[in-house]
Amino acid sequence: MRRLRRAELPSDTLALARFLVGKIVVRELDGARLSGRIVETEGYPLGDAASHAFRGRTPRNGSMFLSRGHSYVYFTYGSCFMLNVASEERGVGAGVLLRAVEPLEGIETMQRLRGTTRLLDLTRGPGRLAQAMAIDFALDGVDLTARGPLWLAAARDAKPRIGMAVRIGLSRNAERVWRFYERGNAFVSGPKALLRS
DNA sequence: TATGCGATATTCT
DNA sequence: GAATATCGCATAG
């Protein structure tokens, strides 16, 4: 697999959210390799009231202000880690949430980490995806375009057919169509009724 | 298949 | 003290 270079990443948050669908997340864990093909993302662009960066920089969201291609990992609902990709220039706070992947390598390890063998429950949804790939605060702020424990790889197959939909679980800016997904892929999370195109 | 609710901790008000 | 970029189990239809 070929690692993505920072220069390949679109420098606009929503363009990056669309670009990442079909790309691959790779997790190097104790010499083993876990990987998954991204099938669903959400953009949290500059000025978005639903973005963690909206009210400025804090200790929690600092990684959103790194240059694009760095990870931003946060914890919510008392039990779920979420993996995001910082999406703008250094000093600007914005990001793309990775909501779901399709498991490729290391499925047995993911099953152990998740405590289930059901393939569809492994990485469908942001909290599950983080658990399946052993992602926590230790991976916050990592450069995903460099060699390391977590990185992004180029797409393996042809460009996916991309659909758009509203984001999940928000109250502010909930009507914005800033979720991107691969059409027809069973690993896309959320109610089918929200898929608009 | 669809909807509802409790668990859980970090952050900001 | 309230809200939250969720999950998994429960119940009903």
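Every chain is numbered from 1 and lettered A, B, ... according to where its sequence line falls, protein lines coming before strand lines. Below, each value reflects all heavy atoms present in this structure, side chains not excepted, and no hydrogens, waters or symmetry copies.
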Stem segments of DNA chain B by first residue number [Watson-Crick or G-U, under 3.5 Å, at least 3]: B:1-7 with C:6-12, B:9-12 with C:1-4
At 4.0 Å (heavy atoms only), tell me whether N84(A) reaches a base, stays on the sugar-phosphate, or touches nothing. base
Assign R114(A) to base, sugar-phosphate, or nothing according to its heavy-atom contacts below 4.0 angstrom with the strands shown. sugar-phosphate
State whether the side chain of S79(A) and the backbone N or O of Y77(A) hold a donor-acceptor pair below 3.5 Å, judged by distance alone. yes
Measure CZ/R167(A) against P/dT6(C) and give the value in whole Å, please. 11 Å
R2(A)/E8(A) ion pair, N-O < 4.0 Å: yes
Decide whether S11(A) and E89(A) meet the rule of one side-chain donor and one side-chain acceptor closer than 3.5 Å. no
Main-chain N/O of L9(A) paired to R68(A) side chain as donor or acceptor, under 3.5 Å: yes
Base, sugar-phosphate alone, or nothing: which one does I168(A) contact when heavy atoms must sit under 4.0 Å apart? sugar-phosphate
Whole angstrom is fine here: how far is it from CG in D48(A) over to C1' in dA5(C)? 10 Å
How are the rings of F81(A) and F137(A) set to each other: parallel, tilted or perpendicular (split at 30° and 60°)? perpendicular
Tell me: CZ of R179(A) to C1' of dT6(C), nearest whole Å? 14 Å
For DNA chain C, whose closest nucleotide is more 5', that of R128(A) or that of Y72(A)? Y72(A)
How long is the span from the CZ atom in R124(A) to the CZ atom in R99(A), to the nearest 0.5 Å? 9.5 Å
When you measure from the centre of the six-membered ring of F187(A), is the NZ or CZ of R37(A) closer than 6.0 Å and no more than 45° off the axis? no
So does R99(A) get a side-chain nitrogen or oxygen closer than 4.0 Å to the phosphate oxygens (OP1/OP2) of dT6(C)? yes
In this structure, how many angstroms lie between the P atom of dC7(C) and the CG atom of L113(A), rounded? 16 Å
What is the distance from CG of L129(A) to P of dA5(C), rounded to the nearest Å? 17 Å
Do R179(A) and V177(A) come close enough that some side-chain heavy atom pair is under 4.5 Å? no
Does dA5(C) have OP1 or OP2 sitting under 4.0 Å from an N or O in the side chain of R172(A)? no
Walk along nucleotides 7-13 of chain B from 5' to 3' and tag each nucleotide B, S or - by protein heavy-atom contact under 4.0 Å, base first, then sugar-phosphate. -BB-SSS
Which of these, Y44(A), F65(A), Y74(A), sits in a ring pair (Phe, Tyr, Trp, His ring centres under 6.0 Å) with H52(A)? Y74(A)
